[in-house]
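Letters A, B, ... are given to chains in the order of the sequence lines, protein chains preceding strands, and every chain is numbered from 1. Here the structure is a predicted model, which means the values were calculated and not measured.
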Amino acid sequence: MYEIKTEEFSGPLDKLLELIESKKLDITTISLAQVTDDFIKYIETLKNNISENQDDSDIFKNSRQLADFLVIASGLILIKSKSLLPQLELTLEEEESVFELEKRIQIYAQIKPLFALMKKHWLSTNQTYSRGLLLSMPTVFYPPKNIDGFLLNKSLEGLIKTLGSYFYEQEKIQRQLFSLEEKISEISKKIINGISRFSQMIDQKSKGESIVLFLALLHLLRDRVLDVNQIGTFEEMEITKL
Amino acid sequence: MEEITKNLKLTKIASLEAVLFIYGEEITKEKLAKILKTSKEEVEQLISEYKKILEDTNRGFYLIDKNDRIVLATKPEFSSILEDFIKDDLKEDLTPATLETLSLVAYLGPISRTQIDYIRGVNSSFILRNLLIRGLVERKPGKGGSFLYETSFDFLKHIGASSVEDLPEFEKYQKMKESFFSESVEDINKNNIKNEETKSGNNLSKEETNNQNSI
Amino acid sequence: MEEITKNLKLTKIASLEAVLFIYGEEITKEKLAKILKTSKEEVEQLISEYKKILEDTNRGFYLIDKNDRIVLATKPEFSSILEDFIKDDLKEDLTPATLETLSLVAYLGPISRTQIDYIRGVNSSFILRNLLIRGLVERKPGKGGSFLYETSFDFLKHIGASSVEDLPEFEKYQKMKESFFSESVEDINKNNIKNEETKSGNNLSKEETNNQNSI
């Protein structure tokens, strides 16, 4: 019978909602900023759980879930950074993503009761059965007209290709994942080496990696390891070690 | 005169029953019209009358109606009698993530993966693939090469419903969907899941979806 | 009081119909009594009443009662419609999904349904059943109650091959199969589909045993 697996953690929106509700806050941008630290802390505990886990397969699965958390975290970071650095001007796209996140949490809060409802329904209803395709039909040989080995070969080739790109996609998602700590130490090193501009740091990095880098930056900021100066709107962020 | 028309109709309903009985699996209304040598409109009418007839307490099966296809299945109240000799237990383990995705497909379907991901905040491609393999969910091509997901006949059979509308509070959540995606979903697509959807959309569109009905 | 007894009887007739509907082949009255948890005498009585109902109302099927065994069958007056329809249906060209499944069975067979589902990313039971009825594919029992599918001799002959090895690039795909199922399916299934996989295993054995006798 059905059982909730305890090691299965809830999704990022669910966690975020839980954090907001535990502080008895309404779903607003301000509340999101207030729970950002807790959310990042939660990601770190997740990450630690994953690395303690000996089973490779679970690491694969969990690290994918971690990636989902990081995407949401990037939106939160934006909100938080705005509250930490009021002079920070957000681009239109960023403004939208802040608004989006708030909206998504609201949607999630609205839809959440459905999951419990469905679970109850799924477990309590009665299975019905259809007869099965041509149940009492004897086998008769009806070959299709236009078919040969090459057609079969072509069809299989297409299928294998599709499957291949599915796996490629799965791998890509996994590759986008980088350890927070690794990035933190990378930032520290680069600062020490005199590379202080954020844009230099994210030079030639994928979007996913930039998010993690920015996240790490904010993390250091919070811990007062770094200081960030932005001279003006759309200007470079200057990073210095405290 | 009236008597004759009535008898003719009953004979047509009987032949509809014969076809559904022998075919045994979901069949399109279009195909039914062809077999019964009549219009699709008349088929619809015959189906709705047949549905009513099956509600009688002495009948052992009911009709599941989903978009353009229908199938006969044993009534839910006989599940305990039947499950003993048909070993099947779909009820066991659905992980919370699978259940979440399945509920969204059931209540908000037809729904795109992008929309599911948007609501769940999680990439759902893996879970959707699983649900497709299990046969609880099916998909059809939507706009722009992406897919729309909806629950399958096997899902309806599992919960003993004759259509998704039978689900508790179905309308409430369908309405909610409208409010969620009132601003164009395209914008949401653009902002959130950019790369992935287009890619796996391509993958999937290769495969053909409406494979269900022809032998 | 009388009303209640009557309703109870109707429900019993309905459950009899449900069992006969799903069973699909001749069933002994003794077995029916066991399934319906009642006496053989009551089963006899229910059958004769059910038979009468089927005769008096417009139905698509009737009850064949020979000696100790009964079965539902479509009424003879519909048989010409049904034969035409089935023949037409079976003569239709293969859909891309059916072709895809057939190519998998040809190149990677003997192959289980779970493996086919895994590679195709959708449930294939309907299509496999279709290929079996058309005589393009055959199956044999594999380990653990599941079936292994391979192309039929007739089909190979039809495409002018004396064995599957004659198929273009046969060896390449056979090798691929080894690498596929040595790690990936097992591992990936185990790792990612964990619960789901065992489940669909059950499913499969249900579906297959269910259809077994009929083919």
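- Here the CG atom belonging to C:Leu108 is positioned 6.0 Å from the CG atom belonging to A:Leu156, to the nearest 0.5 angstrom.
- Around the NZ atom of A:Lys120, the shell of radius 6.0 Å holds no more than 12 heavy atoms that belong to other residues, nucleotides or ligands.
- Atom CD of C:Glu92 and atom NZ of A:Lys145 lie 9.5 Å apart (nearest 0.5 Å).
- A 6.0 Å sphere centred on NZ of A:Lys24 holds no more than 12 heavy atoms belonging to other residues, nucleotides or ligands.
- For chain A, the option among C:Val164, C:Leu156, C:Asp166, C:Leu104 with the highest count of heavy-atom pairs below 4.5 Å is C:Leu104.
- Counting heavy atoms from C-beta outward, A:Leu152 and C:Ile159 have side chains that approach closer than 4.5 Å.
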In residues 70-78 of chain C, what donor-acceptor pairs under 3.5 Å come from side-chain atoms, sequence neighbours left out?
residue, atom, partner, partner atom, Å
C:Lys75, NZ, C:Arg59, O, 3.1

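- Within the 4.5 Å cutoff, the side chain of A:Val140 has no heavy atoms near those of the C:Ile133 side chain.
- Shown here for C:Ser103 and A:Ser155, the closest heavy-atom pair between the two residues is OG-OG, 3.6 Å.
- Of all heavy-atom pairs spanning C:Tyr118 and A:Leu163, the tightest one is O-CD1, 4.2 Å.
- Atom CG of residue A:Leu159 and atom CZ of residue C:Arg120 lie 7.5 Å apart, to the nearest 0.5 angstrom.
- Contact of C:Leu102 with chain A is made through backbone and side chain together, with heavy-atom distances under 4.5 Å.
- Considering all non-hydrogen atoms of both residues, C:Gly135 and A:Phe141 come closest at O-CD1, 3.5 Å.
- Rounding to the nearest 0.5 Å places CD1 of A:Ile160 at 11.0 Å from OH of C:Tyr107.
- Here the straight-line distance linking atom CG of C:Asp154 with atom OH of A:Tyr142 works out to 13.5 Å at 0.5 Å rounding.
- Side-chain contact check for A:Phe150 versus C:Leu167: every heavy-atom pair is 4.5 Å or farther apart.
- The minimum heavy-atom distance between C:Ile22 and A:Leu135, with the atom names listed, is O-CD2, 4.0 Å.
- Heavy-atom contacts from other residues, nucleotides or ligands closer than 6.0 Å to CD of A:Gln110 number more than 12.
- Looking at C:Ala161, neither its backbone nor its side chain comes within 4.5 Å of chain A, counting heavy atoms on both sides.
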Chi angles and distances behind the side chain to side chain contact (heavy atoms under 4.5 Å, CB included) call for C:Leu94, A:Asn146
CA-CA 9 Å; C:Leu94 298 181; A:Asn146 309 307; over 6 Å; no
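- No side-chain N or O of A:Asn153 forms a donor-acceptor pair with one of C:Tyr173 less than 3.5 Å apart.
- Side-chain contact check for A:Leu151 versus C:Leu99: some heavy-atom pair is nearer than 4.5 Å.
- Between the side chain of C:His158 and the backbone N or O of A:Pro144, at least one donor-acceptor pair lies under 3.5 Å.
- Remark: C:Phe61 engages B:Phe21 in a ring pair (Phe, Tyr, Trp, His ring centres under 6.0 Å) (not counting sequence neighbours).
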